[in-house]
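Here is the structure we will look at, set down as structure tokens.
Model, not experiment: these values are computed from the prediction.
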Amino acid sequence: MKRYRLIKDYRDIHKKGTIFFLISESEFIGVKEYVLQTKNLDGKIILSEKELKGFFRQIF
């Protein structure tokens, strides 16, 4: 399962350093969307590919 770390605050909801798991990834006519869930299960967000690359870094 892919893990991502937030590199800057996201809309004043989640703070920098929060770890997320990638739950689903979908593509419809060239538009990719990602659903991420926090490690402690307190929040779920839906992002575009641009937001994912701007706010998150994949960790191993």
Side-chain angles (χ1 to χ4, degrees):
M1 183 174 285
K2 293 182 182 178
R3 293 183 296 165
Y4 290 89
R5 182 180 304 267
L6 196 55
I7 58 173
K8 54 186 171 182
D9 290 351
Y10 181 76
R11 299 183 185 174
D12 296 327
I13 300 170
H14 300 287
K15 300 296 180 191
K16 177 181 176 180
T18 305
I19 296 175
F20 288 82
F21 291 104
L22 180 67
I23 294 182
S24 80
E25 179 179 340
S26 66
E27 183 174 358
F28 182 69
I29 310 176
V31 178
K32 288 188 177 182
E33 285 189 338
Y34 301 89
V35 178
L36 299 173
Q37 176 77 45
T38 58
K39 184 177 179 181
N40 58 3
L41 305 175
D42 69 351
K44 186 185 301 185
I45 55 176
I46 300 171
L47 303 167
S48 67
E49 185 173 21
K50 183 179 177 182
E51 288 176 312
L52 183 69
K53 289 182 179 181
F55 285 97
F56 294 88
R57 293 292 178 248
Q58 186 172 359
I59 58 175
F60 300 97

Kindly compute the distance separating [atom1] ([X]) from [atom2] ([Y]), expressed to the nearest 0.5 Å.
X	Y	atom1	atom2	value
Ser48	Lys32	OG	NZ	12.0 Å
Gln37	Asp42	CD	CG	8.0 Å
Tyr34	Ile23	OH	CD1	15.0 Å

Hey, are the side chains of Phe20 and Ile45 touching, using non-hydrogen atoms and a 4.5 Å cut-off?
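Yes, close enough: below the 4.5 Å cut-off.
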Can you see which heavy atom on Leu6 is nearest to which on Lys8, and at what distance?
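So the minimum-distance heavy-atom pair works out to CG-O, 3.1 Å.
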For Ile7 against Phe56, the heavy-atom pair lying closest together:
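So the minimum-distance heavy-atom pair works out to CG1-N, 4.1 Å.
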Flag yes if Phe55 and Leu22 sit in one hydrophobic cluster, no otherwise; membership is Ile, Leu, Val, Met, Phe, Trp, Tyr, and two members link when side-chain heavy atoms are under 4.5 Å apart.
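Linked, Phe55 and Leu22 end up in one cluster.
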Salt bridge (Lys or Arg N to Asp or Glu O under 4.0 Å) contacts touching residues 48-60 (sequence neighbours left out)
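Every pair satisfying salt bridge (Lys or Arg N to Asp or Glu O under 4.0 Å) with a residue in residues 48-60: Arg11-Glu51, Glu49-Lys53.
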May I ask you to check whether over 12 heavy atoms, not counting those of Ile19, lie within 6.0 Å of atom CD1?
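Count over threshold, so yes.
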Provide the full list of side-chain hydrogen bond (donor to acceptor under 3.5 Å, both in side chains) pairs with a residue in residues 14-29, sequence neighbours left out, each pair given once.
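As it turns out, there is no side-chain hydrogen bond (donor to acceptor under 3.5 Å, both in side chains) pair with a partner in residues 14-29 once direct neighbours are skipped.
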